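FYI, the numbering just counts along the sequence from 1. Since we're looking at a predicted model, the values are computed, not measured.
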Amino acid sequence: MSEFSKADLERKVTLKVGDEAPNFELENQDGVKISLKDFVGKNVVLYFYPKDNTPGCTTEACEFSGLYDDFIKNDSVIIGISPDSVKSHANFITKQSLKHILLADTDKEVAKSYGVWQVRKNYGKEYLGIVRTTFVIDKTGKIAKVYKSVKAKDHAVKVLGDLVG
């Protein structure tokens with residue numbers, strides 16, 4: 001018998017291009033509530049990652065932050081979401097000098113609504129966690145692009161390239 005619920009076992013990224021992006025409201029690294037609706041009229045690069053201060057997540061965050069000005073020039077906002085706390089995000093931003101927003105999804109409800117909180121396997125062990133996924137949401141709130149099972153290295157460059165066209 002599996003220790004995971006049927007919903008956990010069946011959860012997949014089913015959002016596709018043209019779908020309305022699920023709205024959310026989460027606290028950022030400063031404890032300020034941020035909603036997806038706050039960014040209507042801008043492109044939103046919404047990336048889900050497993051954990052602050054881990055090698056792959058640090059690579060991904062630093063690459064997005066390194067291209068921050070290029071995303072801004074292309075009328076785009078970068079938002080990273082993980083289950084980490086507000087305090088963890090604040091420390092991660094300070095330690096890595098990140099320029100973009102990080103949101104705390106401590107109850108994993110936003111990750112579930114986007115289908116990225118899934119059963120994962122590592123070294124034969126199964127657990128629930130974030131499947132690294134990025135969504136580009138257009139200025140009207142619709143999903144313009146979905147990147148599933150992302151490799152952290154060079155991902156930000158690819159997203160920017162696709163956004164610029």
Side-chain angles (χ1 to χ4, degrees), residues 1-17 19 21-31 34 36 44-68 71 76-137 143-163:
M1 186 76 181
S2 172
E3 63 185 276
F4 305 110
S5 73
K6 187 174 192 298
D8 289 333
L9 292 169
E10 293 177 351
R11 191 172 299 111
K12 301 279 183 257
V13 177
T14 57
L15 293 170
K16 58 191 181 310
V17 172
D19 287 350
N23 192 39
F24 56 79
E25 183 177 84
L26 294 171
E27 288 185 2
N28 72 1
Q29 64 276 0
D30 300 317
I34 302 288
L36 181 59
V44 176
V45 176
L46 184 66
Y47 76 95
F48 289 87
Y49 67 99
K51 189 154 181 53
D52 292 341
N53 290 304
T54 56
C57 298
T58 299
T59 296
E60 185 176 30
C62 288
E63 287 185 6
F64 271 119
S65 192
L67 295 171
Y68 180 83
F71 279 99
S76 302
V77 177
I78 305 164
I79 301 174
I81 296 181
S82 83
D84 293 300
S85 68
V86 168
K87 183 177 181 187
S88 176
H89 284 338
N91 292 339
F92 188 37
I93 285 173
T94 300
K95 184 176 180 180
Q96 301 300 332
S97 301
L98 302 177
K99 297 178 181 176
H100 59 280
I101 300 165
L102 296 180
L103 299 179
D105 186 20
T106 54
D107 65 6
K108 297 114 183 144
E109 289 305 313
V110 175
K112 289 175 184 175
S113 73
Y114 277 79
V116 302
W117 184 253
Q118 298 176 14
V119 175
R120 313 249 345 256
K121 289 183 182 181
N122 195 13
Y123 299 111
K125 183 179 179 231
E126 288 189 330
Y127 62 96
L128 285 170
I130 296 281
V131 175
R132 193 183 306 275
T133 309
T134 300
F135 298 88
V136 176
I137 301 165
I143 297 191
K145 185 107 176 151
V146 180
Y147 301 85
K148 296 180 183 178
S149 299
V150 167
K151 301 288 181 236
K153 182 135 180 59
D154 300 324
H155 176 59
V157 172
K158 180 171 180 22
V159 173
L160 182 62
D162 289 346
L163 198 63

Original post:
How about K16 and V146: do any of their side-chain heavy atoms sit closer than 4.5 Å?
Top reply: no

Original post:
Within a strict 4.5 Å, meaning less than it, do heavy atoms of the L26 and I34 side chains meet?
Top reply: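 When only atoms from C-beta onward are counted, I34 and L26 do not touch, as no gap falls below 4.5 Å.
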
Just verifying a value: how many Å separate [X] [atom1] and [Y] [atom2], rounded to the nearest 0.5 Å?
{"X": "I143", "Y": "L15", "atom1": "CD1", "atom2": "CG", "result": "4.0 Å"}
{"X": "I93", "Y": "N28", "atom1": "CD1", "atom2": "CG", "result": "7.5 Å"}
{"X": "F71", "Y": "I78", "atom1": "CZ", "atom2": "CD1", "result": "5.0 Å"}
{"X": "I130", "Y": "R120", "atom1": "CD1", "atom2": "CZ", "result": "9.0 Å"}
{"X": "I101", "Y": "I79", "atom1": "CD1", "atom2": "CD1", "result": "5.0 Å"}
{"X": "S82", "Y": "F92", "atom1": "OG", "atom2": "CZ", "result": "8.0 Å"}

**OP:** Taking Q29 for its side chain and L102 for its backbone only, find out whether a donor-acceptor pair lies under 3.5 Å.
**Re:**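 Flag set: sc Q29 to bb L102 pair under 3.5 Å.
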
Subject >> Heavy-atom donor-acceptor pair, T133 side chain to F48 backbone, under 3.5 Å >> reply: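 Between the backbone of F48 and the side chain of T133 there is no qualifying donor-acceptor contact (under 3.5 Å).
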
Subject >> Exceeds 12 heavy-atom contacts within 6.0 angstrom, atom NZ of K99 >> reply: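 Atom NZ in K99 is packed in, count exceeds 12.
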
Original post:
Can you name the ring pair (Phe, Tyr, Trp, His ring centres under 6.0 Å) partners of H100, sequence neighbours left out?
Top reply: Y47

Subject >> With sequence neighbours excluded, residues passing ring pair (Phe, Tyr, Trp, His ring centres under 6.0 Å) with F24 >> reply: none

Subject >> Partners passing side chain to side chain contact (heavy atoms under 4.5 Å, CB included) against K12 (at least two apart in sequence or in another chain) >> reply: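 Expected list: T14.
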
**OP:** Could you tell me which residues satisfy side chain to side chain contact (heavy atoms under 4.5 Å, CB included) with V86, sequence neighbours excluded, listed by chain and number?
**Re:** E27, A104

Subject >> Qualifying residue for side-chain contact (heavy atoms from CB on, under 4.5 Å) with K145, from V159, V136, V45 >> reply: V136

**OP:** Hey, could you give me each pair passing side chain to side chain donor-acceptor pair (under 3.5 Å) that has a residue in residues 105-118? Not counting sequence neighbours.
**Re:** none

Original post:
What side chain to side chain donor-acceptor pair (under 3.5 Å) pairs are there with at least one residue in residues 52-62, not counting sequence neighbours?
Top reply: Y49-D52, D52-S88, D52-H89, E60-R132

Taking all non-hydrogen atoms of both residues, which atom of [X] and which atom of [Y] are closest, and how far apart?
{"X": "A21", "Y": "I137", "value": "CB-CD1, 3.7 Å"}
{"X": "L163", "Y": "S76", "value": "CD2-OG, 2.9 Å"}
{"X": "G56", "Y": "A152", "value": "O-CB, 3.2 Å"}
{"X": "Y127", "Y": "K125", "value": "CD2-O, 3.9 Å"}

